[in-house]
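Worksheet: one structure, shown below.
Keep in mind that what you see is a predicted model, and the values were worked out from it rather than measured.
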Amino acid sequence: MPSDSPEYIANLIDTQCLAGIFLLGHWTNRAKLKAILDAVNSVNPHGIRPIVATDHEGGEIQNIRVPGVDLLPSQEALARMSPAKVQSVVTAGARQLAKLGVHMVFSPVADVIDPGLGVRNKPITKHHRGFGTDPRKCGQYSAAVIAGHRKAGIISTTKHFPGIGRIVEDTDFKSAGITDDKTTRHDRYLESFRMAFDAGSEAVMIASAYYSKIDPGTLGLFSSKIMTDMLRGDFGYQGLIVSDDLGSSVSVFSVDGGHRASKFVSAGGDLAITADPSLAGPMIRALTSITTSASGRKRLSDAASHVINVKLAHSLTK
């Protein structure tokens with residue numbers, strides 16, 4: 001979020017025609033948060049309202065902690081419950097978010113943890129974010145979370161395709177130690193994602209890691225092999241493809257800020273996310289620049305269609 005001012009945020013969305021916002025950090029003041037969300041939800045450039053998204057996995061990863069929103073157990077803790085209980089717990093929490101004016105949650109985490117790494121896997125295991133080491137269990141519990149979100153009218157975002165359970169470092173903070181040298185295009189670890197998609201996940205977040213056996217030397221969120229060939233092709237996935245953070249994540253710093261969005265969309269992504277609001281303008285300009293070619297115009301049009309389809313499904317358009 002660029003500012004605590006509801007007017008500033010609403011104006012930014014309106015003037016830049018942004019697809020939406022996502023809430024960073026820990027929000028503990030309900031009145032303050034409600035003022036911002038009310039302002040954002042009142043904006044409708046061209047009759048299209050913005051998506052309000054947040055991280056709400058549970059445990060350490062829960063940005064909204066205001067009175068009236070329960071603390072959700074971590075996914076590691078949820079995995080000790082039955083899938084039916086998980087769905088019930090997630091539904092209750094998601095309804096609290098929906099009442100505030102939140103539309104999308106960056107969850108579930110479908111990443112399968114490499115048992116050989118254990119807590120050395122910093123992005124998932126260290127922070128208790130995973131459902132375990134078995135792909136089918138991870139898929140089953142991801143499906144339970146998605147079902148809970150659906151009952152509350154919340155958009156699920158399954159992450160981080162094709163998985164960050166086999167890397168050591170966290171892509172938010174490191175550019176080394178973020179290569180998965182095991183996962184293949186038809187890897188059994190991908191079963192958790194397939195099960196999540198079959199359960200109706202409306203969005204999927206792409207990992208900001210390297211996959212040497214799929215597309216060596218290219219970050220996942222800049223890889224057409226991962227987004228176009230695998231997701232759209234192998235999986236037949238028709239939903240929304242969302243980037244991991246393109247703003248403040250150290251893993252993307254080697255690429256010019258604005259062009260991170262155009263590289264993501266050109267490779268097959270739909271919704272570019274940045275934790276650095278100052279990059280919104282440069283990203284929009286870079287995205288506009290790809291319309292100089294027919295293929296670029298089609299790709300941008302397809303990306304916009306995927307965003308609009310989700311908004312239509314959740315009454316975020318007039």
Side-chain angles (χ1 to χ4, degrees), residues 22 24 53-55 57 60-61 63 104-114 117 120-127 129-130 157-183 185 187 189-190 192-193 196 203-231 237 240-277 279-280 282-283 286-287 303:
F22 79 104
L24 283 169
T54 189
D55 276 317
E57 302 167 16
E60 296 176 38
I61 316 300
N63 293 342
M104 173 184 268
V105 168
F106 296 149
S107 167
V109 173
D111 307 86
V112 181
I113 298 163
D114 184 341
L117 284 180
R120 289 190 296 126
N121 169 250
K122 292 178 183 176
I124 303 299
T125 315
K126 182 181 177 182
H127 300 287
R129 301 172 69 194
T157 309
T158 300
K159 59 187 186 184
H160 310 76
F161 188 85
I164 53 174
R166 285 170 158 170
I167 64 175
V168 175
E169 297 293 347
D170 191 323
T171 59
D172 284 343
F173 309 111
K174 300 284 185 178
S175 59
I178 60 169
T179 296
D180 175 338
D181 59 5
K182 293 183 178 180
T183 300
R185 181 164 170 174
D187 202 284
Y189 270 36
L190 299 176
S192 60
F193 289 96
V204 56
M205 180 178 285
I206 307 301
S208 183
Y210 293 100
Y211 299 87
S212 59
K213 290 190 176 178
I214 299 173
D215 193 0
T218 304
L219 281 174
L221 41 65
F222 298 144
S223 171
S224 61
K225 287 184 180 178
I226 286 173
M227 291 186 282
T228 302
D229 298 348
M230 288 177 66
L231 263 179
Y237 181 73
L240 183 67
I241 298 179
V242 181
S243 75
D244 205 339
D245 174 36
L246 291 167
S248 300
S249 175
V250 171
S251 62
V252 299
F253 279 3
S254 63
V255 178
D256 171 74
H259 288 96
R260 296 169 198 166
S262 56
K263 283 189 69 168
F264 168 70
V265 171
S266 294
D270 300 320
L271 186 61
I273 303 291
T274 175
D276 180 356
L279 290 178
M283 285 183 170
L287 286 168

Okay, side chain of [X], backbone of [Y]: is any donor-acceptor separation there less than 3.5 Å?
{"X": "R129", "Y": "P123", "value": "yes"}
{"X": "S243", "Y": "I273", "value": "yes"}
{"X": "T157", "Y": "V105", "value": "yes"}
{"X": "T179", "Y": "D181", "value": "no"}

Using every non-hydrogen atom in the two residues, find where [X] and [Y] come nearest and quote the distance to one decimal.
{"X": "A209", "Y": "I164", "value": "CB-CG2, 4.1 Å"}
{"X": "A303", "Y": "G269", "value": "CB-O, 3.8 Å"}
{"X": "L279", "Y": "G247", "value": "CD1-CA, 3.8 Å"}
{"X": "L117", "Y": "G165", "value": "CD1-O, 3.9 Å"}
{"X": "E57", "Y": "S107", "value": "CA-OG, 4.1 Å"}
{"X": "V109", "Y": "D111", "value": "CG1-OD1, 2.9 Å"}

Looking at [atom1] of [X] and [atom2] of [Y], how far apart are the two atoms once the value is rounded to the nearest 0.5 Å?
{"X": "F193", "Y": "L231", "atom1": "CZ", "atom2": "CG", "value": "9.0 Å"}
{"X": "M230", "Y": "T228", "atom1": "CE", "atom2": "OG1", "value": "11.5 Å"}
{"X": "F264", "Y": "L246", "atom1": "CZ", "atom2": "CG", "value": "7.0 Å"}
{"X": "K126", "Y": "E169", "atom1": "NZ", "atom2": "CD", "value": "8.5 Å"}
{"X": "D114", "Y": "I124", "atom1": "CG", "atom2": "CD1", "value": "12.5 Å"}
{"X": "F22", "Y": "M104", "atom1": "CZ", "atom2": "CE", "value": "12.0 Å"}

Solution key, residues 211-225 side-chain donor-acceptor pairs under 3.5 Å, sequence neighbours excluded:
unit_1: Y211; atom_1: OH; unit_2: G163; atom_2: O; d: 2.6
unit_1: D215; atom_1: OD2; unit_2: S223; atom_2: OG; d: 2.7
unit_1: S223; atom_1: OG; unit_2: K225; atom_2: N; d: 3.3
unit_1: S223; atom_1: OG; unit_2: I226; atom_2: N; d: 3.1

Would you tell me whether T171 and S208 have side-chain atoms, one donor and one acceptor, within less than 3.5 Å of each other? no

Just jot down the side chain to side chain contact (heavy atoms under 4.5 Å, CB included) partners of F253, sequence neighbours excluded, or say none. V250, R260

Could you work out, with side chain to side chain contact (heavy atoms under 4.5 Å, CB included) as the rule, every residue matching T125, not counting sequence neighbours? I113, V119, N121

Minimum side-chain heavy-atom gap [X]-[Y] below 4.5 Å:
{"X": "I206", "Y": "D244", "value": "no"}
{"X": "F161", "Y": "M205", "value": "no"}
{"X": "L24", "Y": "T54", "value": "no"}
{"X": "R166", "Y": "Y189", "value": "yes"}

Inspect the contact between K159 and D55 and indicate whether a charged nitrogen and a carboxylate oxygen are less than 4.0 angstrom apart. yes

Counterpart residues, side chain to side chain donor-acceptor pair (under 3.5 Å), relative to D229 (two or more places apart): none

I'd like to check the ring-ring contact (aromatic ring centres under 6.0 Å, His included) partners of Y237; sequence neighbours left out, ordered by chain and number. F197

Write out all pairs satisfying salt bridge (Lys or Arg N to Asp or Glu O under 4.0 Å) with one or both partners inside residues 266-275, taking only residues at least two apart or from two chains. R232-D270, D270-R299

